[in-house]
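Down below is the structure, laid out as structure tokens.
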Amino acid sequence: MAIKAPILQAGDTIGIVTLGSPLNAGVINERIQFLESLGFNVALGQNVYAQTGFLAGTDEQRADDLMRMFANDAVKLILPTRGGVGVEGILPYLDYPFIESHPKIVSGYSDITLLLNALAQMSNLITLHSLMLIDFRPTTPAYNFDQFFAATSVYSPTRIIVNPPGIPQISVVQGNVTGPIVGGNLTALISTLGTPYEINTTGKILLLEETHEPINTVYRYVNMLKLAGKFDDCIGIVMGECTNCPIAYNTSYDDLINGVIVPLGKPLMTNVATGHGFYKAAIPIGATANLDTVNNSFTITEPTISLPTPL
């Protein structure tokens, strides 16, 4: 059974780390003030504000910041400032057995997808494909915060993933499967192929989303997963949005799904609000879910956080 981090409660400490690309210090400070206005305390990694070219410090420094957060008993949630590029560089420097014995909530998307799946596979830890520090601002939709706190601060045996009103989840290929969720950003996932951190889709529900890639490039990435057997091994597929993905050669994202994903014959739900979209569902990586595309439902079937142990 997957390991569940302790519940996030009012007054808890959130550890802020920059694990890939740097983020402007003014933006970081504004978002920290927003977190503090919600009643949380904040602990900062040593390299939160660092910038070494397109990275926030060396791979070893960023990894060390993350490990220090796992070692800090006061920290209950680890929140990367952003994604960008570079998260793959920290993966060899992480102590996965130590993380397994010191579970924390870890949330993010984009390049953070690499970390989420590595921790789920190598530390058996449920992680969260959801908000990063950059999303904690007054203009973020209430739906996104509702999803995030439902996953991190409410103990529930089940939780249904439902889009905001007016944005339908679409069941395209019918079926009913239950298994752990893996996946996230497509660009990040293909970078794991052929590495020790290659995504394992065997018996799992595969989540995919993308942003700012033309559809012919998305086609290339999808086929890389296909050639690697990741669609053969998975039991179901959830397609999130492809935000700001230009049509290429008169081919749209929906055309790609219909031409490449539908023929795979796996239970398939599309148009799920997640990742880089304006609306972001909170989807736990490593947690067991039921994908029922007969009744058009996507349900997390186990608690994704743990309750405090009574004294």
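Note that the structure is predicted; figures quoted are calculated from it, not measured. Just so you know, residue 1 is the first one in the sequence shown, and it goes up from there.
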(message) Quick one, I257 with V262, criterion side-chain contact (heavy atoms from CB on, under 4.5 Å). Give me CA distance, side-chain angles, the key distance, then yes/no.
(response) CA-CA 6 Å; I257 290 173; V262 171; 4.3 Å; yes
If you round to the nearest 0.5 Å, how far is [atom2] of [Y] from [atom1] of [X]?
X	Y	atom1	atom2	value
L227	D232	CG	CG	10.0 Å
D64	D95	CG	CG	11.5 Å
N144	L131	CG	CG	5.5 Å
S171	L268	OG	CG	8.0 Å
N41	E36	CG	CD	7.5 Å
T18	R82	OG1	CZ	9.0 Å

(request) For the pair F34 and F145, name the ring-plane relationship: parallel under 30°, tilted 30 to 60°, perpendicular over 60°. (result) parallel
If we only count heavy atoms from C-beta on, is the [X] to [Y] side-chain gap below 4.5 Å?
X	Y	value
V48	T81	yes
Y96	L119	yes
Y109	T274	no
L66	L115	yes
F278	I167	no
I261	T270	no
S107	T152	no
M1	N124	no

Looking at [Y], is its backbone amide N or carbonyl O close enough to the side chain of [X] to form a donor-acceptor pair, meaning the two atoms are under 3.5 Å apart?
X	Y	result
N24	G26	yes
E209	H276	yes
T113	S110	yes
T140	F136	no
E210	C245	no
Q147	I283	no
D233	T201	no
R159	I300	no
N117	G183	yes
D135	M132	yes

Would you kindly confirm whether [X] and [Y] end up in one hydrophobic cluster when ILVMFWY residues are joined by side chain heavy atoms under 4.5 Å apart?
X	Y	result
V222	V238	no
F98	L116	yes
Y197	L207	yes
I235	V173	no
L128	L133	yes

Mind listing the closest non-hydrogen atom pair of [X] and [Y] along with its distance?
X	Y	result
N47	D65	N-OD2, 2.7 Å
Q169	N163	OE1-N, 2.9 Å
L208	Y253	O-OH, 4.4 Å
M69	I16	CE-O, 3.8 Å
I126	P284	CG2-CB, 3.8 Å
G83	I112	CA-CG1, 4.2 Å

(request) Apply the test side-chain contact (heavy atoms from CB on, under 4.5 Å) to residues L79 and L35: give CA-CA distance (whole Å), side-chain angles for both, the deciding distance (0.1 Å), then the verdict. (result) CA-CA 11 Å; L79 201 60; L35 282 176; 4.1 Å; yes
Would you say the side chains of [X] and [Y] form a donor-acceptor pair under 3.5 Å?
X	Y	result
E241	N271	no
N295	S297	no
T211	T243	yes
T299	T158	no

(request) Might you confirm whether atom CD1 of I160 has over 12 heavy atoms from other residues, nucleotides or ligands at distances under 6.0 Å? (result) no
(message) Using a 6.0 Å cut-off, check whether atom CZ of R220 has over 12 heavy atoms from anything other than its own residue.
(response) no
(request) Take D111 and N185, measure what side chain to side chain donor-acceptor pair (under 3.5 Å) needs, and give me the verdict at the end. (result) CA-CA 7 Å; D111 210 45; N185 180 252; over 6 Å; no
(message) For the aromatic rings, using the six-membered ring if either is Trp, is the centroid distance between Y219 and Y249 under 6.0 Å?
(response) no
(message) Can you list everything that forms a disulfide (SG to SG under 2.5 Å) with C234? Sequence neighbours excluded, please.
(response) none
(request) May I have the step-by-step check of side chain to side chain donor-acceptor pair (under 3.5 Å) for S252 and D254, ending in yes or no? (result) CA-CA 5 Å; S252 68; D254 286 341; 5.2 Å; no
(message) Go through it in stages, so that I can follow the logic: the residues are K76 and I7, the test is side-chain contact (heavy atoms from CB on, under 4.5 Å), and I'd like the CA-CA distance, side-chain angles, deciding distance and then a yes or no.
(response) CA-CA 8 Å; K76 296 296 185 284; I7 191 170; over 6 Å; no
(message) With side-chain contact (heavy atoms from CB on, under 4.5 Å) as the criterion, how do R62 and V17 come out once you've worked through the C-alpha distance, each side chain's angles and the decisive distance to 0.1 Å?
(response) CA-CA 8 Å; R62 302 193 316 280; V17 288; over 6 Å; no
